[in-house]
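What follows is one structure encoded as structure tokens, with my remarks underneath.
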Amino acid sequence: MAYVIAYDIGTTAVKTCLFSVEKNITLLASAGRGYGLYILENGGAEQDTEEWWSALCATTKELFTKTGIQPSQIAGISFCSQMQGLVLVDKDGIPVRRPMSYMDQRAKAEIKKGMKFGIQVAGVNVFRLLKSISINCAASTSVKDPLWKYKWVENHEPELFSRVHRWLDVKEYLILRCTGRCIMTEDSAFSTMLYDTRRGKEGWSKTLCRMFGIRMEHLPEIIKSTDKAGVLTERAASELGLVQGTPVFGGGGDASLIGIGAGCAAPGATHIYSGTSGWVSTVTDCQTVDPVTEIAAIVGARHGRFNYFAEMETAGKCFEWVKDHLALDEIGIYLKKVHVAEGAEAVNTSLYDYLTQTVERAAPGAGGVIFTPWLHGNRCPFEDPDSAGIFFNIKLETGKTELIRAVLEGVCYHLRWMLESEERNVRTSGTIRFAGGGALSAVTSQILADITGRTIEVVANPQNVGAVGAAAVICVGLGIIGSLDEVETLIPAVQTFVPDLQKKAVYDKIYTVFKKLYKSNKANFAALNS
């Protein structure tokens with residue numbers, strides 16, 4: 001029996017999980033803490049490293065108050081983390097500025113100068129597009145990519161930029177805080193769009209760095225997700241409540257490990273995730289890219305496997321918006337004098353329980369009301385930071401219940417749009433694993449099945465699958481299991497949702513209109529938001 005700790009570093013909270021590993025990976029205890037996401041008027045989205053670290057320390061110590069396990073029994077720790085952040089640190093490992101979240105979209109001038117000029121295909125320079133694809137098998141076509149954040153800091157904050165020693169992502173900063181070592185796992189390196197996928201751990205591309213004006217001395221050493229990044233320093237161990245020398249493994253990004261934790265490791269397996277953001281991902285054994293729909297096969301945690309990945313910026317975040325701005329008071333969100341939408345896990349638990357009781361009062365299709373879930377722009381199948389949310393087709397008889405259902409359905413329509421976009425290049429699976437906080441709701445799962453026409457499976461504790469994936473990485477690193485492929489048989493589905501074809505017919509009609517709303521309003525979004 002071995003015990004490991006996995007940190008699931010989300011956009012707005014950390015979930016810290018203690019697992020036992022023997023024949024199965026079993027969750028023994030978990031603890032969560034929230035932290036800030038600071039949205040700025042200029043399109044910025046920032047976070048605070050001290051808030052991350054404080055949350056890790058508090059939740060780690062809390063685990064030991066819930067179990068009889070001792071810190072000396074922990075065999076290793078690792079991370080599943082939000083990706084495409086930008087954490088710039090000086091030579092002492094201290095951030096030179098607040099981290100820029102993956103949601104940050106300030107660098108419009110930088111991407112225009114660096115990628116969106118001259119002869120273009122799908123809105124980007126054809127020569128740079130082809131060069132990027134030939135090396136990276138993807139291209140930096142989104143204003144939210146970390147490459148453009150880096151250039152934004154260089155252009156707008158030169159004094160801070162002059163202090164930069166290393167460019168890190170979110171979990172890489174936390175690994176530095178734990179071990180004193182600057183590294184970057186292969187999947188994080190790939191997400192910079194400066195990684196030569198043909199070269200593995202030696203993969204920083206001099207050609208791409210030169211083309212985009214990146215200082216290679218800022219780029220850290222690359223390791224595999226299952227490699228040991230280092231061991232806990234005396235200071236880090238003391239602050240976390242662990243033992244000095246505990247192994248720390250590379251881990252992976254949420255896009256890499258959530259699928260593994262949901263049991264999708266084999267080529268052709270598709271999973272859908274709905275947390276703060278949302279995505280559709282299909283495992284492949286080769287790389288492909290579709291610049292038209294902004295979908296690429298990204299490097300995964302398992303060497304030689306890739307995730308054909310389509311992302312939307314706001315999925316569960318739309319329900320947080322519902323909680324804050326739509327659901328309060330009139331429909332009685334206060335139950336038994338306890339606010340069902342407060343606390344670190346509220347959006348993933350109590351709010352979904354409440355939606356189960358509320359949303360079912362409205363008929364499928366929400367009375368014809370359509371919601372577009374682009375509350376912070378969108379990335380796929382169109383990239384437009386100016387796009388925004390819409391309630392379309394409201395009538396006198398429309399009430400809040402219909403509006404809330406429309407939000408739920410709107411997220412699922414967009415997930416279907418991304419699923420069908422993936423079908424342009426890969427074969428997705430007929431049965432799809434659904435993970436994240438959204439999968440806690442049977443109502444959401446059934447609506448997703450009805451809208452997509454696919455059978456939806458949900459595993460136990462779907463909100464913790466990222467941590468399960470990180471635990472699997474530790475197990476491989478320690479030699480407890482041979483490879484990440486072995487995790488798949490250990491994670492069975494506990495719920496299955498079969499599509500209702502009569503309801504799907506209702507949704508199909510609305511979905512046709514949903515897809516037209518962006519094209520019809522693209523110029524209006526630009527006029528108001530650019």
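What you are looking at is a predicted structure, and each value in this text was computed from that prediction instead of being measured.
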Got a donor-acceptor contact below 3.5 angstrom from the N136 side chain to the S132 backbone?
no
Can you confirm whether K112 is buried at NZ, in the sense that more than 12 heavy atoms of other residues, nucleotides or ligands lie under 6.0 Å from that atom?
no
Minimum heavy-atom separation for P462 to A439, with atom names?
CB-CB, 3.7 Å
Verdict with supporting geometry, D48 and Y35, side-chain contact (heavy atoms from CB on, under 4.5 Å):
CA-CA 8 Å; D48 189 300; Y35 37 71; over 6 Å; no
N307 vs V283, test: side-chain contact (heavy atoms from CB on, under 4.5 Å). Steps then yes/no.
CA-CA 5 Å; N307 300 310; V283 181; 3.9 Å; yes
Nearest-0.5 Å distance that lies between atom CG in D187 and atom NZ in K224:
13.0 Å
For the pair K171 (side chain) and D8 (backbone), establish whether a donor and an acceptor sit closer than 3.5 Å, ignoring hydrogens and angles.
no
Assign the ring pair W167 / Y150 to parallel, tilted or perpendicular, where the plane angle (0 to 90°) is split at 30° and 60°.
parallel
Would you tell me whether Y7 and T60 have side-chain atoms, one donor and one acceptor, within less than 3.5 Å of each other?
yes
Can you give me the closest heavy-atom contact between I223 and G250, atom names plus distance?
CD1-CA, 4.1 Å
Nearest 0.5 angstrom please: S101 OG to Q82 CD, how far?
5.5 Å
Any side-chain heavy atom of S140 sitting closer than 4.5 Å to one from W148?
yes
Rounded distance (nearest 0.5 Å) linking atom CD1 of I69 with atom CD1 of I74
7.0 Å
Shortest non-hydrogen separation from E457 to R433 and the atoms involved:
OE1-NE, 2.8 Å
Is the closest side-chain heavy-atom distance between W53 and Y173 below 4.5 Å?
no
Does N42 reach the main-chain N or O of G44 with its side chain, forming a donor-acceptor pair under 3.5 Å?
yes
Ignoring hydrogens and angles, tell me if any N or O in the side chain of K228 forms a donor-acceptor pair with the backbone of G76 under 3.5 Å.
no
Approximate separation, where rounding is to 0.5 Å, of K206 NZ and C209 SG
10.0 Å
Quick one, T192 and L219 - any side-chain contact, counting heavy atoms below 4.5 Å?
no
Between Q84 and D145, do the side chains contain a donor N or O and an acceptor N or O under 3.5 Å apart?
yes
If you round to the nearest 0.5 Å, how far is CG of L88 from CD of E157?
9.5 Å
Heavy-atom neighbours of K108 NZ exceed 12 at 6.0 Å
yes
S81 (side chain) donor-acceptor with V170 (main chain) under 3.5 angstrom
no
Would S445 and Q495 count as having a side-chain donor-acceptor pair, cut-off 3.5 Å?
no
For residues R181 and V248, determine if any side-chain heavy atom of one lies less than 4.5 Å from a side-chain heavy atom of the other.
no
Could you go step by step and tell me if L18 and K66 meet the side-chain contact (heavy atoms from CB on, under 4.5 Å) rule?
CA-CA 10 Å; L18 173 62; K66 296 181 175 182; over 6 Å; no
E234 atom CD, over 12 foreign heavy atoms within 6.0 Å:
no
Please work out whether the ring planes of H414 and W374 are parallel, tilted or perpendicular, with thresholds of 30° and 60°.
perpendicular
E313 and side chain to side chain donor-acceptor pair (under 3.5 Å): which partner among H376, K144, Q105?
K144
Write down the atom of T270, the atom of C264, and the distance for their closest heavy-atom approach.
O-SG, 3.7 Å
If you look at every heavy atom in A297 and C286, which pair is closest and at what distance?
CB-O, 4.0 Å
Side chains of F434 and T444: does their closest heavy-atom pair fall under 4.5 Å?
yes
Considering all heavy atoms, the nearest D169-S191 contact:
OD2-OG, 4.1 Å
Can you find a heavy atom in the side chain of C57 that is under 4.5 Å from one in the side chain of L240?
yes
Yes or no on side-chain contact (heavy atoms from CB on, under 4.5 Å) for T16 and E62, after CA distance, side-chain angles and deciding distance?
CA-CA 9 Å; T16 301; E62 186 176 337; over 6 Å; no
Classify the ring geometry of H156 against W152: parallel below 30°, tilted from 30° to 60°, perpendicular beyond 60°.
parallel
Measure from the side-chain N and O atoms of S225 to the backbone N and O of G252, and report whether any donor-acceptor pair falls under 3.5 Å.
no
Ignoring hydrogens and angles, tell me if any N or O in the side chain of D196 forms a donor-acceptor pair with the backbone of G203 under 3.5 Å.
no
Any side-chain heavy-atom pair from I222 and Y195 closer than 4.5 angstrom?
yes
May I have the list of side-chain donor-acceptor pairs in residues 467-487 shorter than 3.5 Å, sequence neighbours left out?
unit_1	atom_1	unit_2	atom_2	d
S483	OG	D485	N	3.3
D485	OD1	R302	NE	3.1
D485	OD1	R305	NH1	3.1
D485	OD2	R302	NE	3.2
D485	OD2	R302	NH2	3.2
E486	OE2	G482	N	3.0

Please check this pair: side chain of K15 against backbone of G466, looking for a donor-acceptor N/O pair closer than 3.5 Å.
no
Can you tell me if Y102 and T11 form a side-chain donor-acceptor pair at under 3.5 Å?
yes
Flag, side chain of S134 to backbone of K131, donor-acceptor distance under 3.5 Å
yes
Verify the distance criterion only: is there a donor paired with an acceptor across the side chains of E383 and T141 at less than 3.5 Å?
no
When you check the gap from the basic side-chain N to the acidic O, do R98 and E46 get nearer than 4.0 Å?
yes
Output the distance between atom CG (L37) and atom NZ (K317), rounded to the nearest 0.5 Å.
5.5 Å
Salt bridge flag under 4.0 Å for residues R379 and E311
yes
A side-chain contact here means heavy atoms from C-beta on lying under 4.5 Å apart; do I295 and T288 qualify?
no
Ignoring hydrogens and angles, tell me if any N or O in the side chain of T59 forms a donor-acceptor pair with the backbone of L56 under 3.5 Å.
yes
Could you tell me whether E172 and R166 make a salt bridge, using a distance below 4.0 angstrom between a side-chain N and a carboxylate O?
no
